[in-house]
Structures are given as structure tokens and as C-alpha cells.
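Reviewing the structure listed below.
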There are 2 protein chains.
Amino acid sequence: MAKNGFKVMDSDMHIIEPADLWERYIDAEFKGRVVGLTRYERDLGVALDGENLSSSMVPTPRSIEGHAREREAQNPKYQDGDENGWDAHSQVRAMDQEGIDVAILYPSRALFTLAYNGMDPKLAAAIGRAYNDWLYDFCKPYPDRLFGAGHIAPHDVDAAVAETRRCVEELGFKTVFMRPNIVNGISWHDPYYDPLWAACERLGIPVGFHEGGRPPHIAQVGDREFSTSMLHHTCSHSMGMMLATVSFCGGGILERFPHLRVAFLEGNCSWVPWLMWRMDEHRSGRASNIPS
Amino acid sequence: MAKNGFKVMDSDMHIIEPADLWERYIDAEFKGRVVGLTRYERDLGVALDGENLSSSMVPTPRSIEGHAREREAQNPKYQDGDENGWDAHSQVRAMDQEGIDVAILYPSRALFTLAYNGMDPKLAAAIGRAYNDWLYDFCKPYPDRLFGAGHIAPHDVDAAVAETRRCVEELGFKTVFMRPNIVNGISWHDPYYDPLWAACERLGIPVGFHEGGRPPHIAQVGDREFSTSMLHHTCSHSMGMMLATVSFCGGGILERFPHLRVAFLEGNCSWVPWLMWRMDEHRSGRASNIPS
């Protein structure tokens with residue numbers, strides 16, 4: 001907990017959403033389409049219209065055994081969460097045990113729901129809103145300790161701006177986030193997304209990027225090369241952040257929105273000095289063979 | 001030149017192949033299909049059956065102007081090469097000016113010729129052989145200063161093994177190389193390529209990876225996100241090497257062939273300590289959320 005007057009903050013804490021989150025929170029129009037999976041204990045999967053969005057990899061005996069070993073290793077630490085449906089009280093008790101005062105909360109299942117090229121933008125926006133409404137209720141009992149990160153659907157920029165404003169102005173969230181994977185072929189530095197960066201800058205919140213598992217309808221770094229979780233995750237979660245960083249720096253977003261703050265999460269950071277140097281070198285034309 | 005008894009070596013020097021290389025050197029069966037382009041001074045392009053393989057990017061007024069500025073900046077240094085068709089004598093005179101004793105030679109145009117999913121493996125092998133035969137003739141006048149790196153077509157592993165052997169045993173090359181982009185969806189750590197790594201290990205030569213410009217029929221890191229050379233090259237040449245490094249280490253190639261040496265070229269290296277740490281962490285399962 002607080003040390004020398006400084007609070008301990010986890011900037012990337014995860015919660016485990018209930019399987020029936022979307023059944024309870026989504027707009028009536030889309031009711032029943034998004035369902036959390038409960039194939040085994042602590043399943044973090046989710047399905048849309050019956051299609052499993054939580055992995056495009058074929059499970060192997062080894063990966064199933066790995067999952068079981070992982071769940072076994074989580075006992076008995078996870079007992080409190082298990083017994084209390086991973087509610088806010090069990091979350092805060094876990095934070096007390098770990099010595100964490102304050103946390104920004106990111107999802108588990110929901111990470112799979114919006115990484116989807118060609119998804120109906122209205123459905124995508126509704127999936128994000130449902131999660132954000134649930135997260136608002138989750139954080140409510142602990143307004144000084146739990147802070148939600150709004151999950152934003154990038155499929156339609158106007159809807160993304162509207163939901164970002166709602167997250168900050170109505171739900172009191174301090175940040176919003178997306179996965180780093182570009183959707184529908186539109187790069188982050190494409191002017192299409194400028195209204196979203198303008199909104200984050202105006203609202204004074206950082207926008208975050210958080211990668212997730214391998215969904216069937218989006219491209220990630222390494223998905224052409226690697227079939228195992230170990231190798232794929234090594235590349236997707238780190239190099240996905242590098243590509244987003246290149247978009248924000250080299251692509252000019254931070255030049256156009258100099259007060260915008262960005263968080264690149266769960267992808268390490270010791271590559272940052274190298275990548276900053278490389279972008280400078282390429283910008284200056286000092287690298288050979290690069291037509292400017 | 002040599003300092004304190006040590007020779008100065010350039011491990012990644014490029015030569016500029018003549019536009020008519022393949023017309024002169026390729027097997028009669030494929031004559032006329034691969035043609036170096038001469039659209040402007042110092043054009044490094046190449047076409048297959050009339051299709052430009054040397055860029056899938058649409059030239060813009062800015063990129064054309066950039067090319068022209070680049071060529072202008074190369075004068076008068078390039079005068080000797082220009083006037084002598086970039087022959088071995090002008091290459092060695094340039095090395096003398098730069099203080100380089102010994103160089104391993106990589107191509108310019110040829111980099112575009114084999115990065116091609118679905119290419120007829122016999123054509124691919126013939127394109128590589130033609131380049132290697134030309135390179136052998138190029139190096140011949142300076143056996144103590146110019147060393148060719150054999151260009152290997154990965155489309156058929158048996159042909160790749162045969163050409164690797166020929167490069168080393170008949171042409172005297174000290175290394176062979178490919179681009180890091182996987183071809184036909186087969187990862188480098190797939191057992192399919194084991195005979196090639198076995199051959200390199202047995203022959204005692206390092207195998208190199210060298211990325212190149214953006215060809216129309218292969219995937220590179222960043223090609224979904226970036227349309228300008230500056231941003232694309234920032235990612236393709238570095239993260240392409242990271243993916244190959246993950247294949248060789250995490251994918252188990254170096255475990256199966258412990259005496260194999262690999263060179264990852266022209267992609268920087270200050271990211272290596274980070275990536276080694278990350279692979280260790282993922283292998284040990286210490287990273288959260290990674291089913292082993």
C-alpha cells in the first residue's frame with residue numbers, strides 16, 4: 001500500500017467479467033448475440049452468434065493440459081474470486097493482499113469482442129457500451145480505488161468519439177482503450193481517426209492500447225508465422241505496440257495533437273529507445289536505401 | 001584498411017547488378033522472363049513476365065522527387081561506378097576509398113526476385129542460380145577481397161539445399177541468404193526447412209537473412225499499416241528480423257542444429273537483449289496470460 005506518501009497504482013489490472021455481462025447489459029436490439037463461454041472453470045472465452053471469438057488456434061492436448069496446469073497453479077489464490085463471482089469486493093481484497101492502492105481496470109473476455117474486421121459498427125459500439133456500463137457498476141463501490149478504462153469500438157469514428165465522451169463525462173472513467181490491431185485496413189494515423197484523438201486531447205485523458213488473444217477476424221503481428229501461444233504472444237503483444245508507436249510518432253498523430261497522451265500496455269518497453277532512434281534515423285533520411 | 005593487423009570487413013555490402021543479368025545468365029528455359037528495369041538512372045527495379053516486382057507502392061510526386069534527390073546526392077561519388085557499369089574494379093576502388101579490406105556481397109535488384117508466394121519453384125531456383133553464377137564471375141578478379149553471399153530460393157527445400165551446396169562447394173561462397181519473409185505460409189522453424197539448416201551446419205557456413213523492398217506477392221511486417229517507404233521500412237527491416245529470430249530461437253531451430261550460425265542483417269540489433277529476455281520469459285511461463 002501507500003509508501004512515503006505515494007500511492008501504489010497498477011496501470012494495467014485485469015478484471016474477470018461475468019459470462020452473462022452482455023446478456024444483461026447490451027441494448028435490446030442485440031440481446032443474445034454475445035455470450036460469455038463457460039466450457040471450463042475460469043473460461044475467459046466469448047462467442048458472437050455462436051462463433052467462438054476467443055481463439056482462432058486449434059486446441060492441442062498440450063495447450064489443454066497447459067490451461068489446466070495454469071488453473072491449478074492459480075489455486076488457492078483465486079478461491080476468493082471464484083467464490084464471489086470475481087466481484088469488486090474480491091478484487092479489492094486481492095489488491096490489499098498485493099499492496100496496491102489504486103488500479104486502472106482492463107477486461108479479459110471483452111478483449112476478444114471488438115477485434116473484428118467488417119463487424120457491423122452499430123453492433124460493435126453496443127458491445128463496447130455494454131461492457132462500459134457493466135464496468136461502471138463494478139467500480140461504483142470503490143470510487144477511490146477502482147478506475148475503469150473504457151473499451152472503445154474503432155469501427156465508426158463518430159461512435160467512438162461519442163462513447164469516449166460518455167465514458168469520461170457520464171461514467172467518470174479516466175482513460176479509454178482499444179486493441180492495437182487496425183480494423184478494416186484503416187491505420188491509426190489515417191486522418192479518419194483524428195476526431196477521436198482530438199476528443200481524447202480535449203477531454204484530457206490518455207488513450208491506451210492493449211493487445212489481446214488471437215481472434216479469428218483480425219490480423220496480428222506473427223499470425224502468419226506462429227501457431228503456438230508462446231511464440232505468437234511473444235510477437236503480437238510487443239510488436240503490435242511497436243507498430244502503433246510508429247503510427248503515433250512517425251505517422252504524425254502526436255504532431256497533430258501535441259497534448260495527446262498515449263499508453264502502450266502489456267508489451268514491454270525496453271525496445272522504446274531503439275525504436276525512437278530508428279524513427280529519427282528514418283525521418284532524417286540517414287538510413288541508406290530509404291527514399292524519403 | 002587493415003588496422004593493427006586486423007582487416008576491416010563489411011559484412012553487408014551491396015553491389016548493383018546489371019539490368020541484363022538474368023538475360024545473360026538464366027537457364028535457356030526461362031530466358032526473357034526476368035528483366036532488370038532501366039526507367040531512370042540507377043534504377044534497381046526488376047520485372048517478371050512484365051510485372052514490376054520492385055515495388056507494390058504507387059509512386060507519388062513526393063517519392064519520385066525523393067528518388068531524384070537521392071540520386072543527385074550520390075553524385076559525384078557514384079561517377080566511377082556509373083562509368084564502369086558497377087563492375088568489380090569500381091567496387092574495389094570504392095572499398096579502397098572507404099577503407100574496407102574485405103566485403104560480403106548482397107544484391108540490389110535480386111532482392112525483389114524471390115520474395116514471391118506461389119512462384120514456380122523451378123523458376124525461383126533458376127533465378128537464384130543465375131544471380132549466383134553472375135556473382136561468382138563478379139568476385140573472380142578479387143578472390144581475397146570480394147566474397148559472394150549466395151541467394152537461395154526457399155520455394156523448394158531440396159532445390160535450396162542443392163544450390164547451397166553448389167554455392168559453397170563449386171562457387172566458393174562463404175554464406176548464403178534469404179529474405180526473412182516466409183514463403184507459401186511455411187515458417188522457418190517448420191521441419192520442412194530442417195534439411196536446409198542441416199546443410200548449412202554441415203557445410204560450416206552461416207545462413208543470413210536480408211530484408212528488401214516491398215514486393216507485390218509477399219507479406220512483410222507493417223504492410224497492413226504503412227504506405228510510405230519511411231514508415232514501412234522502419235518496421236519491415238527490423239521487425240522482420242525479430243520474427244525470424246523468434247523462429248530460430250523460440251521455434252527450436254538452434255536447439256535442433258546447435259552448430260548452425262545465423263546472420264540477421266540490416267535490421268539493427270539493440271532490440272536483441274530485450275527479445276532474448278522476452279523469449280526466456282515466455283518459455284518459462286512467467287509472463288501472465290500465456291498458456292504454455
Which is it for Asp82(B) and Arg42(B) under the salt bridge (Lys or Arg N to Asp or Glu O under 4.0 Å) test, yes or no, and what are the steps along the way? CA-CA 8 Å; Asp82(B) 262 341; Arg42(B) 292 171 212 150; 2.7 Å; yes
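- Pairs passing the salt bridge (Lys or Arg N to Asp or Glu O under 4.0 Å) check and including a residue from residues 209-220 of chain A, sequence neighbours excluded, read Arg179(A)-Glu211(A).
- For the 3.5 Å distance criterion, the side chains of His210(B) and His14(B) qualify, holding a donor opposite an acceptor.
- Contact of Leu275(B) with chain A is made through the side chain alone, with heavy-atom distances under 4.5 Å.
- Both the backbone and the side chain of Leu243(B) have a heavy atom closer than 4.5 Å to some heavy atom of chain A.
- When heavy atoms are compared at a cutoff of 4.5 Å, Ser227(B) does not approach chain A at all.
- Put simply, of Gly222(A), Gly185(A), Ala219(A), the one with the most heavy-atom pairs under 4.5 Å next to chain B is Ala219(A).
- Here Met242(B) is the residue among Met242(B), Met279(B), Glu65(B) with the most heavy-atom pairs under 4.5 Å with chain A.
- Ser238(A) touches chain B through backbone and side chain together, each having a heavy atom under 4.5 Å away.
- Ring geometry, Tyr106(A) versus Phe177(A): the interplanar angle exceeds 60°, so the pair is classed perpendicular (tilted spans 30 to 60°).
- Chain B forms the most heavy-atom pairs under 4.5 Å with one residue out of Thr228(A), Asp190(A), Ile182(A), and that residue is Ile182(A).
- Between Trp197(B) and Tyr193(B), the angle of the ring planes lies from 30° to 60°, which puts this pair in the tilted group.
- Your options are His232(A), Arg278(A), Glu225(A), and the one with the most heavy-atom pairs under 4.5 Å with chain B is Arg278(A).
- Residues passing the ring pair (Phe, Tyr, Trp, His ring centres under 6.0 Å) test with His189(A) are Phe226(B), sequence neighbours excluded.
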